**Q** 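The structure's right below; bear with me while I get my questions together.
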Amino acid sequence: TASEGQGSKDSSKLCCPTQIEMATVSMDVEVGRDDKKKGFYQDLVLAYKTLGVVFGGLVTSPLYVYPSMNLTNPTEEDYLGIYSIMFWTLTLIGVIKYICIALNADDHGEGGTFAMYSLLCQHANIGILPSKKIYIEEEDLVSTHPAVTRRPSRLRRFIERSIVARRLLLLTAILGMCMLIGDGILTPAISVLSAIDGLRGPFPSVSKPVVEALSAAILIGLFLLQKYGTSKVSFIFSPIMAVWTFTTPIIGIYSIWRYYPGIFRALSPHYIVMFFITNQKRGWQLLGGTVLCITGAEAMFADLGHFSKRSIQIAFLTSIYPSLVLTYAGQTAYLINNVNDFSDGFYKFVPRPVYWPMFVIATLAAIVASQSLISATFSVIKQSVALDYFPRVKVVHTSRNKEGEVYSPETNYILMLFCVGAILGFGDGKNIGNAFGVVVIMVMLITTILLSLVMLIIWDTHVVLVALYFVPFLILEGTYVSAVCTKMLKGGWMPFAVSLLLALIMFGWYYGRQRKAEYEMANKVTLERLGELLAGPDVHRIPGLCFFYSNMQDWLTPVLAHYIRNLRSLHKVTIFLTLRYLLVAKVDAKDRVAIRRLGPNGVYGCTIQYGYADPLDSEEDELTGLVVGALRDYITEEEEEVALLEEAREAGVVHVRGKMRFHIGKDTGFFDRILLGFYEFLHSTCRSALPALGIPLQQRVEIGMLYKA
């Protein structure tokens, strides 16, 4: 029996291969299920958080849509037509365009018009500035898109060959970004002002200046909270928006039951046709008010970097969309029975017993609503700075888990000044609504154009399918654009003025960077040229270790030739250091530093790769030790080079940074004199291209170089 027991024990160890494979498959299935459950749970948590950041502007639009309309003697049929227009606008633009299509056109998780432009630049040679290629260079590390190997389409070849087409595409992306920032100014202003205006119903003695002052004070407090990051802000705000999102449709259902149970017959497009036949030009002009029902939908795409596609889709389809459909239905049902109450279309439809609780909820929700476009503004500024199309501002990553979760102090406080200025300048929510409609629909139209290009150039969608998307949305949004343009003199000029100012800044920066890139390309220092410079009889190799910073990885900066020609020297060990930003949280230690020999004795190239959560403000000794350690490993078999490295480090360390500036002389053309002078002003006021590295001041050297404009 002992032997049988032993045999049984041994046989238990000798499983057949099929059993092992089945066990492995079973374990893989279990792990897969656990991952799916965990992923779905994370999506639900993120979907809840989106309520406090992404959808605030959209879900609070009932506060100001009807008050923004300049209705005259509206009838039941008018209200049914208006509700039908709002329902189909929410369905076509919100569900079909953004949820089903646009959210798939992300650039490494980032959304928005400039992200789509970046995506197009990666898959086709249509970018204009050659200096920023971080996405392409690390495509195998971070990309979720397959490499394009098929034959380029005719449209792609045309845009690549035409500098006019490439510049028009860049201008379109810039305009979309500028309009989104204008949206970020007006969303907080109109949301908070419309909510606080509810005080004037029960208290007619409350004057407009008091409402404006309260609104401005609330907004200032909101902007001061931004430094804590989207996650913390959404943690505070999401419960508020959840209460708003689920209480307004309840009131809407009550209003439908009490005032007009047959409201949903307005879902038939027949009422839209009858509305325009009856009202004609007047009906077309009223589109400038109905377009506000979709305000904030653009934030779904622009805020994608702060959350995830699936979480935004879950939140919109399960809560935001049904909430808006029911709330607008309830408002319309009330107004059909009280046709002249549209100027206070939200608070009048709220039952008296719950007026004050809803006022508190509406005020808090309006504050939260401002967050969606503020976060979106931070995202688009970060994208344009990364692509070198906007002056460098400070961008702080507020999360170690999400690359797109950012905060920009300068942008935040400038946005705050513009928001407060809009409230104090316009005062009336109707005038802000006029301005608001312009930016909302312009951003959406530009998104439609860029999304069509993504379909054709990147997704390789059949032209017929692209036309089925492009033509209907061009007609829909083009009609809205034509209607809101009639309000240009009634407040619509404001976002255009802001957008024009931002576009001027971006164009001035882009022009200066383009001219600088052209000069660097024409005067680059190759390894052969470096050897010739160092071979000069009057050039000396002086003791010490020099870190020479350069953003050019395939050749050396022209500042180097300027440095050697004028100082007649180069340190015995010189390391040309390039900092490369990758779209990952942290770079593995083994991939962090890459060393290469550049030919002349003691001259090396070094690339330090870092992610958005990697600290770069460490002590100088840590940076030096990191690079020297990697270099020592690289030359470990060369005893003379190792000895030279140690001797140079003991002699002293210096960090050299080159600064190239334009010299604008008397013979500089008028156009260049203006634009390059403006670029120099921007360059002198913006932040350094190098991140803070904790280098002591006594070890820093800046080498200036002027070149003729």
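If you're wondering where the values come from, they're calculated on a predicted model, not measured in any experiment.
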**Q** Do any N or O atoms from the side chain of Trp244 and from the backbone of Ile361 form a donor-acceptor pair under 3.5 angstrom?
**A**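 No: the side chain of Trp244 does not pair with the backbone of Ile361.
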**Q** Are Leu58 and Phe316 side-chain neighbours, meaning at least one heavy-atom pair lies under 4.5 Å?
**A**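 Leu58 vs Phe316: side chains touch.
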**Q** Under a 4.5 Å cut-off applied to non-hydrogen side-chain atoms, are Ile336 and Tyr259 in contact?
**A**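 They are not in side-chain contact.
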**Q** Would you find a donor on one side and an acceptor on the other, under 3.5 Å apart, between the side chain of Thr50 and the backbone of Ala47?
**A**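 Checking the backbone N and O of Ala47 against the side chain of Thr50, a donor-acceptor pair under 3.5 Å is found.
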**Q** Under 3.5 Å, is there a donor-acceptor pair between the Thr479 and Ser482 side chains?
**A**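 Result is no, nothing qualifies.
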**Q** With sequence neighbours excluded, what pairs up with Tyr254 under the side chain to side chain contact (heavy atoms under 4.5 Å, CB included) test?
**A**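 Residues passing side chain to side chain contact (heavy atoms under 4.5 Å, CB included) with Tyr254: Trp257, Arg258, Pro351.
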**Q** Knowing that exactly one of Leu324, Ile93, Ile441 qualifies, which makes a side chain to side chain contact (heavy atoms under 4.5 Å, CB included) with Ile294?
**A**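 It is Ile93; the other options fail the test.
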**Q** Compare every heavy atom of Ser308 with every heavy atom of Leu46, then report the nearest pair and how far apart it is.
**A**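 So the two residues come closest at CD1-OG, 3.8 Å.
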**Q** Considering residues, nucleotides and ligands other than Tyr413, do more than 12 of their heavy atoms fall under 6.0 Å from its OH?
**A**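 Atom OH in Tyr413 is crowded, with more than 12 foreign heavy atoms closer than 6.0 Å.
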**Q** Is the closest side-chain heavy-atom distance between Tyr328 and Val65 below 4.5 Å?
**A**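 Tyr328 vs Val65: side chains touch.
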**Q** Where does the angle between the aromatic ring planes of Trp509 and Tyr679 fall among parallel (under 30°), tilted (30 to 60°) and perpendicular (over 60°)?
**A**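 The arrangement is tilted - the two ring planes meet at 30° to 60°.
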**Q** Mind checking whether Leu199 and Val210 have side chains closer than 4.5 Å, heavy atoms only?
**A**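 No; the side chains remain at least 4.5 Å from each other.
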**Q** Go through it in stages, so that I can follow the logic: the residues are Met300 and Phe55, the test is side-chain contact (heavy atoms from CB on, under 4.5 Å), and I'd like the CA-CA distance, side-chain angles, deciding distance and then a yes or no.
**A** CA-CA 7 Å; Met300 283 193 283; Phe55 295 110; 3.3 Å; yes
**Q** Would you call the rings of Phe87 and Tyr321 parallel, tilted or perpendicular, where under 30° means parallel and over 60° means perpendicular?
**A**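 Ring orientation of Phe87 relative to Tyr321: tilted.
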**Q** Whether the Thr89 and Tyr480 side chains hold a donor-acceptor pair (N or O, under 3.5 Å, no angle test) is what I'd like checked.
**A**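 Tyr480 and Thr89 do have a side-chain donor-acceptor pair below 3.5 Å.
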**Q** Using atom types as modelled and distance alone, determine if a side-chain donor or acceptor of Gln313 lies under 3.5 Å from a backbone N or O of Ile99.
**A**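 Yes, because the side chain of Gln313 sits within donor-acceptor range (under 3.5 Å) of the backbone of Ile99.
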**Q** Trp356 vs Phe359 aromatic rings, parallel, tilted or perpendicular, using cut-offs 30° and 60°?
**A**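 Rings of Trp356 and Phe359: perpendicular, as their planes differ by over 60°.
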**Q** Counting N and O atoms only, with roles assigned by atom type, does the side chain of Asn412 sit under 3.5 Å from a partner on the main chain of Ser408, one being a donor and the other an acceptor?
**A**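 No.
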**Q** Could you check if a side-chain atom of Ser215 sits within less than 4.5 angstrom of a side-chain atom of Leu193, using non-hydrogen atoms only?
**A**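 Contact flag for Ser215/Leu193 side chains = yes.
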**Q** Determine, stepwise, if the pair Ile446 / Met177 fulfils side-chain contact (heavy atoms from CB on, under 4.5 Å).
**A** CA-CA 9 Å; Ile446 289 169; Met177 173 193 158; over 6 Å; no
**Q** Do other residues, nucleotides or ligands put more than 12 heavy atoms under 6.0 Å from the CZ atom of Phe670?
**A**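 Check fails, neighbour count at 12 or below.
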**Q** Are any of the side-chain heavy atoms of Ile85 and Phe276 separated by less than 4.5 Å?
**A**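 SC-SC contact between Ile85 and Phe276 confirmed.
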**Q** After noting the C-alpha distance and the side-chain angles of Leu214 and Val211, does the key distance pass the side-chain contact (heavy atoms from CB on, under 4.5 Å) rule?
**A** CA-CA 5 Å; Leu214 283 173; Val211 171; 6.0 Å; no
**Q** Less than 4.5 Å apart, side chain to side chain, heavy atoms only: is that true for Phe349 and Leu335?
**A**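 In short, these two side chains do not touch, never coming nearer than 4.5 Å.
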**Q** Ring centroid separation for Phe346 and Tyr66, is it under 6.0 angstrom?
**A**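 When the ring centroids of Phe346 and Tyr66 are compared, they turn out to be at least 6.0 Å apart.
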**Q** Give a yes or no on whether a salt bridge exists between Lys97 and Glu477, defined as a side-chain N under 4.0 angstrom from a carboxylate O.
**A**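 Looking at Glu477 together with Lys97, the answer is yes, because their closest N to O distance falls below 4.0 Å.
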**Q** Does the Thr290 side chain pair with the main chain of Leu287, one donor and one acceptor, at a distance under 3.5 Å?
**A**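 The answer is yes, because a donor-acceptor pair under 3.5 Å joins these two groups.
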